**Q** 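I'd like to ask you about the structure that follows.
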Amino acid sequence: MDNKTALAAALAVKTGLEAAELAQWIETPPDPALGDYAFPCFRLAKALRKAPAAIAAELAAALPLPQGIARCEAAGGYVNFFADTGAFASHVLSRVLREGERYGSSEIGGGRSVCMDYSSINIAKPFHIGHLPSTAIGNSLYRIYNHLGYRSVGINHLGDWGTQFGKMIVAYKLWGSKPVPECTVRELVALYVRFHDEAEKNPGMNDEARAWFKKIESGEEEAVGLWKQFKELTLAEVGRVYERLGVRFDSFAGESFYEDKMQPIIDDLKAKGLLKLDDGASIVDLSAYDMPPCIILRSDGATLYATRDLATAVYRKETYSFVKSLYIVAYQQALHFRQLFKVLELLGYEWVEDCEHVQFGMVSMAEGTLSTRHGNVVYLDDVLDAAVQKTYEIMEEKSPDLIDKRAAAEAVGVGAVVWGVLYTSRIKDTAFAWDKVLNFDGETGPYVQYTHARCCSVLRKAKEAGSGFEAGAIDAALLTDSASMALLKALDAFPEAILAAAEKNEPYLVARATMDIAAAYNKFYYENRIMADEPALRAARLALTEASRSVLKTGLYLVGLQAPERM
RNA sequence: GCGCCUGUAGCUCAGUUGGAUAGAGCAACGGCCUUCUAAGCCGUAGGUCCAGGGUUCGAGUCCCUGCGGGCGUGCCA
């Protein structure tokens, strides 16, 4: 039993209230000098007809202190409790050392599936900074859910269908100068932009594009061949970016995959009387729910985004029998998902409760919105390259003797970019700015990675000097100075942060908990000489360093960063 | 117009689900490397928590109104 629940149990006996409820009242005082846990008595005042301060004083005097709590005192309307620091230090340290890099993991997922739709790029379009939030958030949640015992299913719902591929074919046949596999995505994009320029003068080109897309749909050999080549080329190229980011997927089933899976849904909607004709289009009327109608079929009979997403949702349920299905998509599409989920509900699918639109804010540029067509884009590759390059320069200056400089620079440069996305709550809009991306000081990925490398360095040097520790034989009472205690508290808070991150689908909670540990370690490092002369003290501090190292590595991993041992 | 989101230090953001004196980082200024990685640590300065009401022992946090910003609002995704 941890201190909080033990306290709640003791308070329950004294107050006659539910321990579970009391546990929620217990909070952490703003200043550690006030205590480690606080119980506010204000809510009891009315029922007991006494002043909160008087209640606090009485409780402080009469409460039998559970094991793990050394003392308590009344302060205003609060009872403040002080943990038995030695016992707390021992408890946290031994748990972290025992669980190692699995610290904070759990079995609550029970192997059940959680589907996550993230990144979801368009074929033959550049992978730009606008794609980063979905990719990074999805990748982090993928790791977090797995850490909690779920089976994450990462899905890249490819935008690989539609008339834009007819346009691509027209443009390629007109201006393409080499076989598709030898092109780059940037060259394809240039063709696409040129198509739009020319089509403005020559609208007939749009008809031609539609005709070519029809050929793809009907399986005409040349059209399908080109379409496949565009797709393969894009996936190969973007695959390299995913590799840099450490991102993986279990499925690339995208729009084309669902082409033949929509009819059953349409039939089902008809059978349940939900479909109605309006202005030539087939819609589901959602006015009863204060929403515009969900359009299922265009007036020309073509399917739409919503049609495909209905089929997709059902397919995922049938294929993966998920307990959660997450759509990591920008908030612009909030209405679409509300409509989608409502239609699924009207179809009678109770599991729609388990579907969630995990939305995030927009990425913009100082010059305005990102636009491939207008050339106002920043390619993610360029951003990563710049960050890695700058990292490399810093390393040449600060760690000239580093052997594996290239690999370390890659890990740190990419980490800086990813961390920046995952350090704030999802909903915030971000304006892309080079100087922000290329800042490695303060609350950044490199700071945490640096701290990890610092731990590694200390442990390495200790080993060289023949110093070590035995996990079972640490005198944790030697770690009760304020810096050590602050570090132990930060380590203690880590598992809860992971749970909260999964519950809210907010990776920043893990990032911040990890940052707290790094900051606490740096302070601990500064204030305490780890390689102390006294052997027991040295062993205890080395043990705390090892505990910090492993949790930093886990925290970095959970937000998608590497943890180099030297930098 | 209507709907959703958002507003905290010059900038970027936290704020334990209503608790004690509102916290970090960046930028600015000052200090600390012949002890384990200075991508670090310490200090100074910086606040009408958008405004006004309300709820109560207590509001940055909950409710209402207004203002500013973003997004969306029937055949794109």
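Remember, it's a predicted structure, so these values are computed and weren't measured experimentally. Chain letters run A, B, ... following the sequence lines, proteins first and then strands; every chain starts at 1. We use all heavy atoms of the structure for the numbers below, so side chains are in, but hydrogens, waters and symmetry mates are not.
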**Q** Which base sits across from B/rC29 as a Watson-Crick or G-U pair, both distances under 3.5 Å?
**A**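 WC or wobble partner is B/rG43.
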
**Q** What does A/Y331 touch in the nucleic acid at a heavy-atom separation under 4.0 angstrom: a base, only the sugar-phosphate, or nothing?
**A**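 Sugar-phosphate only.
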
**Q** Quick one: does NZ or CZ of A/K261 land under 6.0 Å from the six-membered ring centre of A/F257, within 45 degrees of the ring axis?
**A**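 That pair qualifies as a cation-pi contact.
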
**Q** May I ask you to establish whether A/K4 and A/Y37 are in a cation-pi arrangement, using a distance under 6.0 Å from NZ or CZ to the six-membered ring centre and at most 45° from the ring axis?
**A**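 A/K4 over A/Y37 ring: no.
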
**Q** Measuring to OP1 and OP2 of B/rC26, would you say a side-chain N or O of A/K436 lies under 4.0 angstrom away?
**A**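 A/K436 to B/rC26 OP1/OP2: no side-chain N or O under 4.0 Å.
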
**Q** Under 4.0 Å: is that the gap between some side-chain N or O of A/K398 and OP1 or OP2 of B/rG40?
**A**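 Indeed not, no polar side-chain atom of A/K398 lies that close.
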
**Q** Using the C1' atom as the reference point in each nucleotide, state the distance between B/rC11 and B/rG40 in Å, no decimals.
**A**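 To the nearest whole Å, 23 Å.
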
**Q** Base, sugar-phosphate, or nothing: which does A/P52 touch, judged by heavy atoms less than 4.0 Å apart?
**A**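 No contact.
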
**Q** When you get a sec, tell me which of B/rU35, B/rG70, B/rG72 is the closest nucleotide to the side chain of A/R529?
**A**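 Of all the options, the side chain of A/R529 is nearest to B/rU35.
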
**Q** Answer yes or no for A/R512 and A/Y423: cation-pi contact, defined as NZ/CZ to six-membered ring centre under 6.0 Å and angle to ring axis within 45°.
**A**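 The answer is yes; both the distance and angle limits are met.
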
**Q** Does the base of B/rA20 carry an N or O that pairs as donor and acceptor with the side chain of A/N80 under 3.5 Å?
**A**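 Checked by distance alone, the answer is yes.
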
**Q** Remember a base hit wins even if backbone is also touched, and classify A/Y508 as base, sugar-phosphate or nothing at under 4.0 Å, heavy atoms.
**A**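 Counting heavy atoms under 4.0 Å across all strands, the contact made by A/Y508 is with sugar-phosphate only.
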
**Q** Distance check: side-chain N/O of A/S457 vs OP1/OP2 of B/rU37, anything under 4.0 Å?
**A**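 Answer yes for this pair, as a side-chain N or O of A/S457 is under 4.0 Å from OP1 or OP2.
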
**Q** Measuring only the C1' atom in each nucleotide, how far is B/rU17 from B/rC62? A whole number of Å is fine.
**A**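 11 Å, rounded to whole Å.
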
**Q** Can a side chain N or O of A/Y37 be found less than 4.0 Å away from OP1 or OP2 on B/rU16?
**A**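 Looking at the OP1 and OP2 atoms of B/rU16, neither is under 4.0 Å from any side-chain N or O of A/Y37.
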
**Q** Over all strands shown, is A/A38 touching base, sugar-phosphate only, or nothing at heavy-atom distances under 4.0 angstrom?
**A**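 Contact class for A/A38: base.
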
**Q** Regarding A/D285, tell me which of base, sugar-phosphate or nothing describes its non-hydrogen contacts under 4.0 Å with the strands shown.
**A**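 It contacts nothing in the nucleic acid.
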
**Q** With a 4.0 Å cutoff (strictly under), does any side-chain N or O of A/S425 reach OP1 or OP2 of B/rA14?
**A**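 Yes, because at least one side-chain N or O of A/S425 sits under 4.0 Å from OP1 or OP2 of B/rA14.
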
**Q** Any chance CG of A/D533 has more than 12 other-residue heavy atoms, nucleotides or ligands included, within less than 6.0 Å?
**A**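 Atom CG in A/D533 is not crowded, with 12 or fewer foreign heavy atoms closer than 6.0 Å.
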
**Q** Output yes when at least one side-chain N/O atom of A/R308 is less than 4.0 Å from OP1 or OP2 of B/rA77, else no.
**A**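 Yes, because at least one side-chain N or O of A/R308 sits under 4.0 Å from OP1 or OP2 of B/rA77.
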
**Q** Given atom CE of A/M515 and atom P of B/rG40, what is their separation to the nearest angstrom?
**A**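 Taking atom P of B/rG40 as the reference, CE of A/M515 is at 10 Å.
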
**Q** Within less than 4.0 Å of OP1 or OP2 of B/rG7, is there a side-chain N or O belonging to A/K428?
**A**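 Answer yes for this pair, as a side-chain N or O of A/K428 is under 4.0 Å from OP1 or OP2.
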
**Q** Pick the C1' atom in B/rG69 and in B/rA59, then give their distance to the nearest Å.
**A**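 24 Å, rounded to whole Å.
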
**Q** So, does the side chain of A/D278 form a donor-acceptor pair with the base of B/rG74 at under 3.5 Å?
**A**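 Pair found.
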
**Q** Report yes if at least one side-chain N or O of A/K461 is closer than 4.0 Å to OP1 or OP2 of B/rU37; otherwise report no.
**A**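 For B/rU37, OP1/OP2 do have a side-chain N/O of A/K461 under 4.0 Å.
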
**Q** Looking at every strand, decide which applies to A/S299 at a 4.0 Å heavy-atom threshold: base, sugar-phosphate, or nothing.
**A**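 Base contact.
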
**Q** Within the structure shown, what part of the strands sits under 4.0 Å from A/D290 by heavy-atom distance: base, sugar-phosphate, or nothing?
**A**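 No contact.
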
**Q** On the ring face of A/Y289, is A/K342 found with NZ or CZ under 6.0 Å from the centre and within 45° of the axis?
**A**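 Relative to the ring axis of A/Y289, which defines the angle, A/K342 lies inside both limits.
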
**Q** If you draw a 6.0 Å radius around CD1 in A/I403, do more than 12 non-hydrogen atoms from other residues or ligands fall strictly inside?
**A**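 It does not: A/I403 CD1 has 12 such atoms or fewer within range.
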
